[in-house]
Amino acid sequence: MRPATLARVKAAIAELKFRPNQSARMLKIGHLPMIGLMVPTVANPFFGVLARWIESAALAQGYGVLLCNTYRNPEREREYAEAFMAQGVRGVILGAALMAQEHLEPLIGQGLAAVSLDRDSVSDGLLRDSVSVDNARAGSMAVEHLVGLGHRAITFVNAPFKSVNRIARQDGVMAACARAGVAFDVFVGSTETDYSENEMTELGYSAAVALQGKRKSSTALIGVNDLVSIGLLAGLRKAGVDVPAQKSVIGIDGLFLGNYVSPPLTTVAQPMKAIADAAVEHLLNRMAKPDLEPRQVIFSPELLVRASTGPATSGPRRGRVAGAAANTVPVA
């Protein structure tokens with residue numbers, strides 16, 4: 001319509017406080033202009049930031065976002081996806097891909113469009129759209145930074161293996177240590193404790209305390225994510241360890257909180273806005289053209305050097321030979 005006509009329509013909408021009837025719109029076009037976003041929990045600020053960028057990208061395309069917390073529970077994911085479809089929502093973004101996603105296949109077969117974050121499109125034999133940072137490269141970059149500072153014994157602190165990205169980051173750390181010929185260990189939080197997303201800092205804190213008694217040879221610690229690394233900083237501070245003079249700490253994700261802890265956290269950052277934009281774009285394309293070939297987009301991470309990493313204070317120490325099997329130690 002002409003600009004003058006459009007202005008009068010908008011003025012009438014404002015005067016009458018008109019709001020579209022979404023149920024009526026769904027009857028006319030067959031779906032709601034909404035997409036679903038399923039994340040483990042927004043209690044983890046990483047997923048809060050992710051949700052913010054996804055909502056911004058969706059709104060720019062005329063879509064709203066329905067947010068759900070799944071706590072990495074496959075049954076809960078399936079129930080939310082079924083509820084989305086029942087309400088006319090035809091597309092979902094899976095904010096933290098589980099190890100297996102067969103529980104969603106029947107719904108995808110019924111027309112639900114899905115884009116997974118942090119997952120290899122074919123890692124479980126199921127082809128679908130995915131958008132991710134290069135998690136293995138992120139782990140390798142953390143090691144390369146520490147090796148460049150002279151560290152020859154490194155420990156990677158991981159959470160229980162519930163998502164693809166945790167395994168990929170650990171693989172990247174181990175491969176980089178092997179290439180550099182440095183000693184390494186892998187410390188995994190106990191599955192008996194079953195740390196939830198908002199307890200990642202506690203996992204790091206407990207790991208730092210336990211490692212002081214069991215892994216004194218390591219001069220540097222890599223957290224699987226920034227929240228774990230923030231917990232490591234707190235645990236080391238409690239134990240009287242000077243960071244980075246005595247031990248360096250680096251995280252992965254680029255969470256904004258890392259810039260406000262003491263010392264500020266060195267991290268390997270994800271391009272969150274670019275990932276969110278790509279996820280929304282691919283989801284809307286999939287909804288419009290269900291027969292498109294699955295696409296995978298992988299973004300490069302970026303090293304942000306802050307004050308939590310510094311030169312190693314001593315030469316090579318005795319430790320696990322690089323390339324050996326990972327040493328999995330439960331948190332006490």
Is any side-chain heavy atom of [X] closer than 4.5 Å to a side-chain heavy atom of [Y]?
X	Y	value
Ser308	Pro244	no
Leu104	Val92	no
Ser132	Ile275	no
Ser218	Leu211	no
Leu284	Ile35	yes

Out of curiosity, does [Y] fall in the hydrophobic cluster containing [X] (side-chain heavy atoms, cut-off under 4.5 Å, transitive links)?
X	Y	result
Val49	Leu59	no
Leu292	Val115	no
Leu265	Leu149	no
Leu304	Val261	no
Met272	Ile298	no

Side chain to side chain contact (heavy atoms under 4.5 Å, CB included) between Leu50 and Leu117, intermediate numbers included: CA-CA 11 Å; Leu50 176 66; Leu117 302 187; 3.8 Å; yes

Would you find a donor on one side and an acceptor on the other, under 3.5 Å apart, between the side chain of [X] and the backbone of [Y]?
X	Y	answer
Asp129	Arg295	yes
Arg166	Pro160	yes
Asn69	Val42	yes
Ser206	Glu202	yes
Arg237	Ser262	yes
Thr267	Gly254	yes

For residues 227-234, dump all side-chain donor-acceptor pairs below 3.5 Å to protein atoms at least two apart in sequence or in another chain.
| residue | atom | partner | partner atom | Å |
| --- | --- | --- | --- | --- |
| Ser229 | OG | Gly223 | N | 3.4 |
| Ser229 | OG | Asn225 | O | 3.2 |
| Ser229 | OG | Ile250 | O | 3.1 |

Could you report the tightest heavy-atom contact between [X] and [Y], atom names first, then the distance?
X	Y	result
Arg72	Ser163	NH1-CB, 3.3 Å
Ala208	Leu236	CB-N, 3.8 Å
Val280	Ala57	CG2-CB, 3.8 Å
Ser248	Gly310	OG-N, 2.9 Å
Pro290	Arg286	O-NH1, 2.9 Å
Phe187	Ala210	CZ-CB, 4.0 Å

How far does [atom1] of [X] sit from [atom2] of [Y], to the nearest 0.5 angstrom?
X	Y	atom1	atom2	result
His151	Ile222	NE2	CD1	10.0 Å
Asp118	Asn165	CG	CG	4.0 Å
Phe84	Leu66	CZ	CG	5.5 Å
Arg152	Cys177	CZ	SG	9.5 Å
Met287	His282	CE	NE2	15.0 Å
Asp226	Met200	CG	CE	13.0 Å

Pairs meeting criterion salt bridge (Lys or Arg N to Asp or Glu O under 4.0 Å) with involvement of residues 259-279, two or more places apart: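 Every salt bridge (Lys or Arg N to Asp or Glu O under 4.0 Å) pair that includes a residue of residues 259-279, provided the two are not neighbours, is Lys273-Asp277.
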
Pairs flagged by salt bridge (Lys or Arg N to Asp or Glu O under 4.0 Å) wherever residues 252-268 is involved - sequence neighbours left out: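 The answer is Arg169-Asp253.
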
Salt bridge Glu144-Arg137, side-chain N to carboxylate O under 4.0 Å: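 Yes, Glu144 and Arg137 are salt-bridged.
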
Stepwise side chain to side chain contact (heavy atoms under 4.5 Å, CB included) test for Leu203 and Glu199: CA-CA 6 Å; Leu203 186 156; Glu199 294 172 328; over 6 Å; no

Reference residue Phe156; test side chain to side chain contact (heavy atoms under 4.5 Å, CB included); the match among Asp185, Val188, Val224: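 That would be Val224.
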
Side-chain H-bond candidate by donor/acceptor type, Thr266 with His145, under 3.5 Å: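 Short answer, no.
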
Test side chain to side chain contact (heavy atoms under 4.5 Å, CB included) applied to Lys247 and Gln212, step by step: CA-CA 11 Å; Lys247 200 178 293 284; Gln212 280 307 105; 3.6 Å; yes

Greater than 12 external heavy atoms within 6.0 Å of Glu15's CD: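 No.
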
Trace of the side chain to side chain contact (heavy atoms under 4.5 Å, CB included) decision for Tyr71 with Thr41: CA-CA 6 Å; Tyr71 305 101; Thr41 173; 3.8 Å; yes

